[in-house]
Amino acid sequence: MYLSKFLMPTLKENPAEAQIVSHRYMMRSGMIRQSSAGIYSWLPLGLRVLKKIEQIVREEQNFAGCQELLMPTIQPATIWRESGRYEDYGKEMLRITDRHEREMLYGPTNEELITEIFRGSVRTYKDLPKLLFHIQWKFRDEVRPRFGVMRGREFLMKDTYSFDLDFEGAKRTYNKMFVAYLRTFARMGLRAIPMAADSGPIGGDMSHEFLILADTGESEVFCHKDILSFDLPKDNIDYNEDFQPIVDKWTGLYAATDEKHNLNQASLLAEDLVSARGIEVGHIFYFGTKYSKSMNAFISSPSGQEVPVEMGSYGIGISRLVAGIIEASHDDDGIIWPESVAPFDIGIINLSSGNESCDSTCEDLYFRLGNAGLNVLYDDRDERAGVKFANMDLIGLPWQIIAGTRGIKNGVIELKNRATGEKDEMTPNSVLNKLARI
RNA sequence: CGGGGAGUGGCGCAGCCUGGUAGCGCACAUCGUUCGGGACGAUGGGGUCGGAGGUUCAAAUCCUCUCUCCCCGACCA
């Protein structure tokens, strides 16, 4: 992409309303534009990141054996009346009426809809377990939206729903998702820490929030310092394995958000206790037969009995992750994207647009890197060097190629690593070789 | 939902108290000089001051109503 043709309206000054660093940088780099309170448009640069994150989440869900489907944003009130949540949900739910005066709503979550789909299509335990997910926009009419897309009213979420015959099966599924989540966040360069969460009326320990640590996090968190250096389950995962040992390891040490924080338990950790702030990026939840009972989702068990199916739900806030990653990875000059989610892999800065040898060197690299399968943003604008450097640092692409007449006359260009700031002078060919390998 | 604040060119803001018909910086356009870390000069375009009503010879400025947005708190992927 030629930057001269790309819609990327960067701002030199901080918008007054942006209070936290991710919101400021997302506005300043032209990733998003606010439409109304808690509702945003995603401009080309922001959408690229959103799609990258979405794709990582999708791949990891598929890998874990989940099947993707797509449910609508607008749902009928009837199924919410069945579960009893139509009244319970309160003002957070955006309620609308269609032309026939039918009561509808913009979905804040999808337990009802997925249960309706399940009960109409699955009748026997032989079809279980089933893991179904979708990635869809949700709307929750938050009392006070804030912090940009971190707490928007409209947000993109991946939600998975599981169906099992019995508790043992549901627990296996829960563990599977637990591990899938660790892997998913790790792929984005994040260490998300599972913390015990409120499990509601069901009780037990089958609800965990996944939080990434960041100074600007909304909740206060406490955990054992060793959790911060646990190995992440990365390669060679076999989803047929029993993951109980991994789950036990991660849940064995103290980790809690302020709501679940237990002073007595925590004080036992003494100097091993880490107190920090965190951003919730995922939540997994076992809720048993809550919806299957109220909505009549029964299956035949091996004994021929009709039993309510055991369910769980598993969410990841995809749009929130965009902001979360920035909170976890930035410096005073701007964003530092992990390679896996960067909007482009490489930025080329042509310091002397209009200079023939500079232009041809950059053009040549642009096409050859593109042919090597890399996404390149080429700053071909007629701007001063300082503007180009500042913009490129702001948008945080992992690699910058800097080409100016000074180096070109000696046959070299610079390769800069955004994260470390390291710059190397190399020939265009060696830059190409190095980057083609990432 | 309780408490506070703000709406003035695309962005950031001043003007409002003490009414007299809108200004600054950035951005934008043209020209010139510059050109490896957000240049300089000149010229120029763009707003009727969130909306409605009122007071007045005259309202961005005073009064009333209303809409929107932001911040703190309680709630939440």
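A note on names: the letters A, B, ... follow the listed sequences, proteins ahead of strands, and every chain is numbered from 1.
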Over how many whole Å does the gap from [X] atom [atom1] to [N] atom [atom2] extend?
X: A/M27; N: B/rG10; atom1: CE; atom2: C1'; value: 12 Å
X: A/D382; N: B/rG32; atom1: CG; atom2: P; value: 13 Å
X: A/N355; N: B/rG36; atom1: CG; atom2: P; value: 12 Å
X: A/E13; N: B/rA14; atom1: CD; atom2: P; value: 13 Å
X: A/M392; N: B/rG38; atom1: CE; atom2: C1'; value: 14 Å
X: A/L351; N: B/rG36; atom1: CG; atom2: C1'; value: 5 Å
X: A/E142; N: B/rC72; atom1: CD; atom2: C1'; value: 16 Å
X: A/K12; N: B/rC13; atom1: NZ; atom2: P; value: 16 Å

Check A/D380 against A/K388 and note the closest heavy-atom contact, atom names and distance.
C-NZ, 4.1 Å

Can a side-chain donor-acceptor contact be found between [Y] and [X] if the only test is distance below 3.5 angstrom?
X: A/N355; Y: A/T405; value: no
X: A/Y291; Y: A/E82; value: no
X: A/E327; Y: A/Y25; value: no
X: A/N175; Y: A/Q244; value: yes

In terms of relative ring orientation, are A/W250 and A/F230 parallel, tilted or perpendicular, with 30° and 60° separating the classes?
perpendicular

Determine the interatomic distance between [atom1] on [N] and the same-named atom on [M]; round to the nearest Å.
N: B/rA60; M: B/rG7; atom1: P; result: 16 Å
N: B/rG45; M: B/rG53; atom1: P; result: 32 Å
N: B/rC57; M: B/rG44; atom1: P; result: 39 Å
N: B/rG46; M: B/rG41; atom1: P; result: 23 Å
N: B/rC40; M: B/rA77; atom1: P; result: 49 Å
N: B/rG19; M: B/rC49; atom1: C1'; result: 14 Å
N: B/rC16; M: B/rG54; atom1: P; result: 26 Å

Mapping A/E154 and A/D333 to their closest nucleotides on RNA chain B, which lands nearer the 5' end?
A/D333

For A/G386 and A/V149, take the nucleotide of RNA chain B holding the closest heavy atom to each; which residue's nucleotide lies nearer the 5' end?
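Result: A/G386.
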
Quiz question: going by heavy-atom distance under 3.5 Å, is there a donor-acceptor pair between the base of [N] and the side chain of [X]?
X: A/N14; N: B/rG12; answer: no
X: A/E414; N: B/rG36; answer: yes
X: A/R28; N: B/rG38; answer: yes

Can you tell me if the side-chain N/O atoms of [X] get under 4.0 Å from OP1 or OP2 in [N]?
X: A/R384; N: B/rA39; value: yes
X: A/K388; N: B/rG37; value: no
X: A/R144; N: B/rC72; value: yes
X: A/Q34; N: B/rC70; value: yes

Taking the side chain from A/Y89 and the backbone from A/L94, do they hold a donor-acceptor pair closer than 3.5 Å?
no

Need the pair for [N]. Rule: Watson-Crick or G-U wobble, both distances under 3.5 Å, any strand; none if unpaired.
N: B/rG53; result: B/rC63
N: B/rA6; result: B/rU68
N: B/rA22; result: none
N: B/rG44; result: B/rC28
N: B/rC1; result: B/rG73
N: B/rC17; result: none
N: B/rC35; result: none

For a quick check of understanding: with a heavy-atom distance under 4.0 Å over all strands, which category does [X] fall into, base, sugar-phosphate or nothing?
X: A/G404; result: base
X: A/G152; result: base
X: A/A390; result: base
X: A/K91; result: sugar-phosphate
X: A/S36; result: sugar-phosphate

Can you confirm if the aromatic rings of A/F63 and A/Y239 lie within a centre distance of less than 6.0 Å?
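Yes, they do, as the ring centres are separated by less than 6.0 Å.
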
Hey, is A/F155 doing a stacking thing with B/rA77, by the 5.5 Å centroid and 30° angle criteria?
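Stacked: centres under 5.5 Å apart, planes under 30°.
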
